[in-house]
Amino acid sequence: MSSPSKALPAWIDVGLIPLINILLAFIVSGIVIFIIGEDPVEAVKIIVYGAFGNDYNLGYTLYYTTNFIFTGLAVAVAFHASLFNIGGEGQAYIGGLGVGLLCLALDQYFPFWIILPLAIAASGLFGAAWAYIPAYLQAYRGSHIVITTIMFNFIAFSLMNYLLVNILIEPGQMSPESRDFAEVAHIPTMQQAAAWFGIEMSNTPLNMSIFLALLSCVFVWLFMWHTRWGYAIRMLGFNENAANYSGINTQRLIVGTMCLSGVLAGFVGINEIMGVHHRVLLDFTAGAGFTGIAVALMGRNHPVGIIIASLLFGALFQGGAELSFEIPTIQVEMVKAIQGLVILFCGALAYMARPTVERIFIAMIANKAVAGEQANG
Amino acid sequence: MGGQSAPPPSIEPAIELKAISKSFGPVKANQNVDLKVLPGTIHGIIGENGAGKSTLMSILYGFYEADSGEILINGQKRKIHSSRDAISFGIGMVHQHFMLVETFTVLENVMLGAEGAPLLNKSSQSAREELLKLSKEYSLAVDPDAMTGDLPVGLQQRVEILKALYRGAEILILDEPTGVLTPQETDQLFKILDILRSRGVSIILITHKLQEIMAITDRVSVMRAGTMVSERETAETNKNELAELMVGRKVLLEVDKTDANPSEILLEAKNLSYSEDGVKKLDDVSLTLKAGEIVGIAGVSGNGQTELLAALSGICPLQTGSIKIGSVKIDSDNPKTPKEFRDLSVGHVPEDRHRMGMVTAFNAQESAIMGFHDDAAYNGKFLMDNKAVEQHCVRLMKDYDVRPEDPKLKSANFSGGNQQKLVLAREMDRHPKVLLVGQPTRGVDIGAIEYIHKNLIAMRDAGSAILVVSVELEEIMSLSDRILVMFEGRIVGEVDAKEADARQLGLLMGNAGAQTEAASSENNSNNIHSEEIPA
Amino acid sequence: EDIKPAVVFDMGGKFDKSFNEGVYNGVEKFSKETGIKYREFEVTNPSQREQAIRKMAQRGADPIVGVGFAQGPAIEKVAKEYPDVRFTIIDSVVDLPNVQSVVFKEHEGSFLVGVLAAMASENQKVGFIGGMDIPLIRKFACGYAQGAKYAVGSAEVYSNMTGTTPSAWNDPSKGSELAKSQFDKGADVIFAAAGGTGIGVYQAAKDAGKYAIGVDSNQNHLQPGTMLTSMTKGVDVAAYNAFKDAMDGTWKPGLHALGLAENGVDWALDDNNKSLITDAMKAKVKEARDGIVSGSISVHDFTSDNSCPAL
Amino acid sequence: MYLLLLSTLDSTLRVSAPLVLCAMAGIFSERSGIIDISLEGKLLGSAFAAAVVAFETGSAFLGLGAAIVTSILMGLLHGFACITHRGNQVVSGLAINILASGLTVTLGGAWYGKGGQTETLSGDARFSPITFPGAEALVDVPVIGPLYIELISGHNLLVYIAFLAVPVTWWVLYKTRFGLRLRAVGENPQAVDTAGISVTFLRYRSVIIAGILCGIAGAYLSTGQNAAFGKEMSAGQGYIALAAMIFGKWKPVPGLLACMLFGFLDAMAVRLQGVELPGIGEIPVQFMQALPYVLTVILLAGFIGKAVAPKAIGRPYVKER
Ligand SMILES: Nc1ncnc2c1ncn2[C@@H]1O[C@H](COP(=O)(O)OP(=O)(O)OP(=O)(O)O)[C@@H](O)[C@H]1O
Ligand SMILES: Nc1ncnc2c1ncn2[C@@H]1O[C@H](COP(=O)(O)OP(=O)(O)OP(=O)(O)O)[C@@H](O)[C@H]1O
Ligand SMILES: [Mg+2]
Ligand SMILES: [Mg+2]
């Protein structure tokens, strides 16, 4: 063991170091909480219990997780083609519009099993449509996708605002919201689904959409690493010249990849509109599209990583809400700051602890070796 | 040149490396390497790809830090933590992969890090003067205001040398400097090195070309697998001995081939022209490739070879002219994609393996199916058959001696020679009717060169038409049956390989009499146009 | 009676310079007076509304005040699950036996400040700046325009909306630009119903030496001297009363529509603006008020038919 | 009509001033290879610091100083994560934005009890408009008079600093040694390293400069354009500045023009709200609000060529490959 090995055992890299990072984040947050005169240990307990403590809390955590998986996958897919899709928010918003329009149009006439696949298609299609224009402009006109997707987020908000206030609003209503969908256009909640199997569960927004999210993960994994299209996307992302050389139509691929990204973001609409709210409303995305960027990057653009990162963010959202509920002096903004710290330590400073851990690890191994030699000698 | 008698050993070495070791993770790139370079001499270092030459030089230049060992400069023990330290000790280095900012002008690149004053105005003025002076002194003409990225590699390398000269280096390290140069340029570089040597500059030269070692160095060290295996006085050794020391076995230095017997025409290009941003890159190029022959394209890099390969492989769409492959005619009205070219049995080994030939972030098996990833052999209905891909890659690695034989290893982690073999394997394994090969052996050690040449000839003998583009005149001459010379996008001459000699080709490449430097600078269309040179 | 009151603020938070803040002021006042602590929660995304309200109910809170029209559906759902808990919803109507719905006739209050604006205007041009184009804000705008035209027949009313994203309610810079653009068109009194964005409007008025009108609570103190008045909406009183009545046992479910007659909406007069309000203005606004209360002036409510004849 | 144009342009200057500062900040950071999504957070954080210090000390200049220091510290945090620890630059930027948005309101709430809103500034605690000499005299001169009074004169100091930042940025970038190295390190850090220059130190200096510029922009928001800090008052301007910077191809002057274009479209959209078009009638307000974004997309697609980012952007510099 003379050479300092750069390769640490996997359990350290994917287990111990992230754990240290979370711990660091909580220590710093704890200091802040301590300063305002609350008990940091108590606060952490509340966050953890609030996120995972019982089926009710877990339900909310997983409900957020569902959204983040969708948007995280959306960002990741685009990233593999080295496209930075900041437009997840707008695509999710418009995806929800698609679901809403479809449900409003069909919920009087068709049963659930017809509406559901159509709604999934609608959410994807609308999300893809919203990604299509920036993608087209990037591929054929060289417009930078970061700008166009930022712009399309704003345009999505304006469009939705217009439609809700002027067209979709239920007459005589104060809220700019559509009418409620009929029961047939509701995705069963996890509570209902569990009841089919005789399991009792709390009522939370968690619904069957989470399976769509998990399916999407499997799909993205298969697609990116086990199909020729995914192969082409990754090649395009790594090296555009090589993609050209390989006979890939890069322009079409850019458009295709962004559309797939839009489809995934659009699925947020399924979870939110058909799964939870059962009507079209303002701001239902609540920043999930932006959170997806952090989720994708922290999950290293891999579905497994994205599931883990989504769970972390879901837990932060839910546990954070519980924290501000249980300890009134900790306001939502304080929770937000804690979320920022966790992202900082677990995401941006993810490699900070590594050299130290590495040193300790190597020293330990060296000690063992010395000890072994002494024992032998 | 060369052969300058070495100073007596009592003189303090300009550089002395003692027991240098450096590991990258499990890889021991350098192990207890010793090296002495006497002042005012040129010291050659040779070794296979991955032997550790660049690593050693990077340590000397402060780019990496050695795990252990000592560096003495002019007898003084020195710690070199960064390139800054190295520069302050008078060391200059021309890196194997150029350290140039492509969006900068030549002047800016030369100045970078040696600007003098905080404001550019003054310093760029004096730098410009200094640069012009240096250019004159060493006949290294280059336009200080040219955008570096637009320059052909040969000129980019001049910039690298000028950078080192500008800093007044006392010790100059050149890592494979001649890989991209024409014989004329190489001669010129060696003239410069000669002048520098006579001024007392100590030079370390890394190269894979043994004739260069023989031509210019005073001493030569041989590295193998991270260690220094032997050292020779250049005058007292020969190419064959060096090759053997390097590879550890006998190497055939000459290409061994029979006469070609070309048969039917497989590819015919007529009047190809191509311009980009108003600059004519290809100018009315016509050529034919016949089954069973190797056609070589000689020329200073940047004279349209890249575009020719791109046009013949479908990467850049045809603007004017046509290509006929078998019975299929391709022109701007009937364009074909690179994929369709491949389907017409055209294989293509690009000039730059990192830019185009492979994806360094892919593992070997992924790089091994580039361009063929749509093939039914690797795909199910939806999913890719990764097992089949892996088996394919393993077979390629076996058949073409790619080492290490690990299909999961990242492409970037193969040495240049093995990367090249992998790309060649991918393209040759399909037995294309037409094979386009750009720079088949750039940066590749002699063992691998031997292997690659053997395979190309075997393919020719099996009835393929092969087009080889290389800046390596020797390679072109020994490999080809017919040689075309390109200059400024045109084919300016055709020579039978058996009758070709380096001087004559060199003249053609520089467009008969026109100075090479003039030739490589853009837009000098009032040169003498010699369409046909009498043999 | 021992009560465990709770309040759930909506997105925008309890310091939104708008109705959430009004509710906050009301419940704070209650808490100070009685020493009774209340539970609170600020929702940050739509699905938390139901979660928070239910959680309050689970923890035995009673009464529970929900703020804003967006909480209507959530209250409706949870109120059914907890029929013994008393709920008060502000700005929306939920028809359940354990829900008290408090709505305001914002158009009436806006009418009065419209009257004042038109009379204070030298150019007979007045402006309105809303946060987002939603029915509630249009209701403000429409009442305001009617008031302005009632006072000065030839008055022109400019109306602008800030944006369509959530930041439309927190964008003072944009508010200030909108105000300046209306000043450029000749407006010299601007009524802002735009949450935190309004702060920028008031500042711009101050900087330009023009008048601005506050909203929801009495904001006259923010820029004394250039705040012409504020259109107060008694959310603070409503929230206060919800708690107080529950404590006293006088809490009643059902619809409470608070207009001028009920003192639910009004215009603010205090030391900060008394020098700006002339007697003629006072008289005219009193006339309008009396007319509305008596029914002789009917102020069109935008939300009744989603249209505004005056704008 | 002329006056309307003037007022639109006037508004353009005010609106684009913080964008320009942030865009120049972005240029410094990104030309050195560090993606700077944290413009938004720095803007917000420094606006808060400026408002607090200006209120407590009564001096706008001390507020400005505090804003700059705060913003630099945030930049250093970004640098610590991305340069020293090779963290993901986008994640770090997002984290800083979220942190800023949470901390400003938390601290503001703790100190002033108004949920992040700070006390209103007046007098010297605020940067007030500067009237240029001769403005009075030109009042009656047609065309030039209004132009001078409305457009040129009468802005606060920070607006002038913002527009001065552009030539200064240009000068630093293209006319100084530091600028040369900075541009080089964003393209090819290895070349810089082998030229004997520290990549790390160079990048740190760039994020510090970005911090200074963002700090000025933040101070402008809370002590110039407005007279207090309000929660989330940056309202996405950092992202718009980022877009403008890319629009301007990471170059100062095109960046300036892009910011002014945004500002102009915004000012125009504000003035077009509620305008009736003959034949069509009143355009929905949402359409007008989306107009700047729609036009930007159209302009981008129609006239602006491909923007090529600095080559090494987003990639932490690792010597040993
Ligand atoms: N950055 C690096 N990271 C990890 N390993 C490296 C790195 N650079 C070099 N190595 C290891 O060091 C060995 C020596 O590499 P080096 O680049 O010095 O070879 P070389 O002799 O210059 O080869 P070539 O002739 O191809 O230029 C390699 O075989 C490799 O295993
Ligand atoms: N990240 C890495 N990890 C391990 N080994 C590496 C790594 N990068 C490079 N190497 C090794 O370094 C050696 C030299 O690599 P390098 O890319 O310099 O080859 P090269 O022959 O110089 O290539 P070329 O000249 O064609 O660019 C190779 O043997 C390769 O296996
Ligand atoms: Mg090398
Ligand atoms: Mg090499």
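Each chain gets a letter, A, B and so on, in the order its sequence line appears, and its residues count up from 1.
D/Leu4 contributes atom CG, which lies 9.5 Å from atom OG of C/Ser181 (distance to the nearest 0.5 angstrom). One distance of note links CE of D/Met233 with NZ of C/Lys174; it measures 14.5 Å at 0.5 Å rounding. Taken from NZ in C/Lys180 to OG in D/Ser7, the straight-line distance is 11.5 Å, to the nearest 0.5 Å. The line from CD of D/Gln225 to OG of C/Ser176 is 5.5 Å long, rounded to the nearest 0.5 Å.
Looking at C/Ser173, the atoms closer than 4.5 Å to chain D (heavy atoms on both sides) sit in the backbone and in the side chain alike. The part of C/Thr162 that comes within reach of chain D is its backbone (N, CA, C, O), which places non-hydrogen atoms under 4.5 angstrom from that chain. In this structure, chain D has a heavy atom under 4.5 Å from the side chain of C/Ile199, while its backbone stays farther away. Only the side chain of C/Asp207 comes within less than 4.5 Å of a heavy atom in chain D; its backbone stays farther off.
Within the 4.5 Å cutoff, no side-chain heavy atoms of D/Ser122 are placed close to those of C/Lys206.
For the residue pair C/Gln203 and D/Asn226, no side-chain donor N or O sits within less than 3.5 Å of a side-chain acceptor on the partner.
Among D/Leu221, D/Asp266, D/Asp10, the residue with the largest count of heavy-atom pairs under 4.5 Å with chain C is D/Asp266. Among the candidates C/Thr197, C/Asp133, C/Asp171, the residue making the largest number of heavy-atom pairs closer than 4.5 Å to chain D is C/Asp133. Between chain C and the options D/Pro129, D/Ala227, D/Gly116, the largest number of non-hydrogen pairs under 4.5 Å is found for D/Ala227. Comparing C/Pro166, C/Gly196, C/Pro172 by how many heavy-atom pairs each has under 4.5 Å with chain D, the most go to C/Pro172. Counting heavy-atom pairs closer than 4.5 Å to chain C, the top residue among D/Gln286, D/Glu232, D/Gln237 is D/Gln286. Considering only heavy-atom pairs separated by less than 4.5 Å from chain D, the leading option among C/Gln182, C/Gln223, C/Met161 is C/Met161.
Classification of C/Asp184 and D/Arg271 as a salt-bridged pair holds, one side-chain N sitting under 4.0 Å from a carboxylate O.
D/Gln289 approaches C/Gly163 most closely through the heavy-atom pair NE2-N, 3.2 Å. Scanning both residues, D/Val270 and C/Asn160, for their nearest heavy atoms gives O-ND2, 3.7 Å. When every heavy atom of C/Lys17 is checked against every heavy atom of D/Gln117, the shortest pair comes out as CE-OE1, 3.3 Å. The shortest non-hydrogen separation linking C/Glu177 to D/Ser11 is OE1-OG, 2.7 Å. Closest approach of D/Lys231 and C/Asn170 over heavy atoms only: O-CB, 3.5 Å.
Within 6.0 Å of the CZ atom in D/Phe287, the count of heavy atoms belonging to other residues, nucleotides or ligands does not exceed 12. For D/Asp124, the CG atom sits in a loose shell: 12 or fewer heavy atoms of surrounding residues, nucleotides or ligands are nearer than 6.0 Å.
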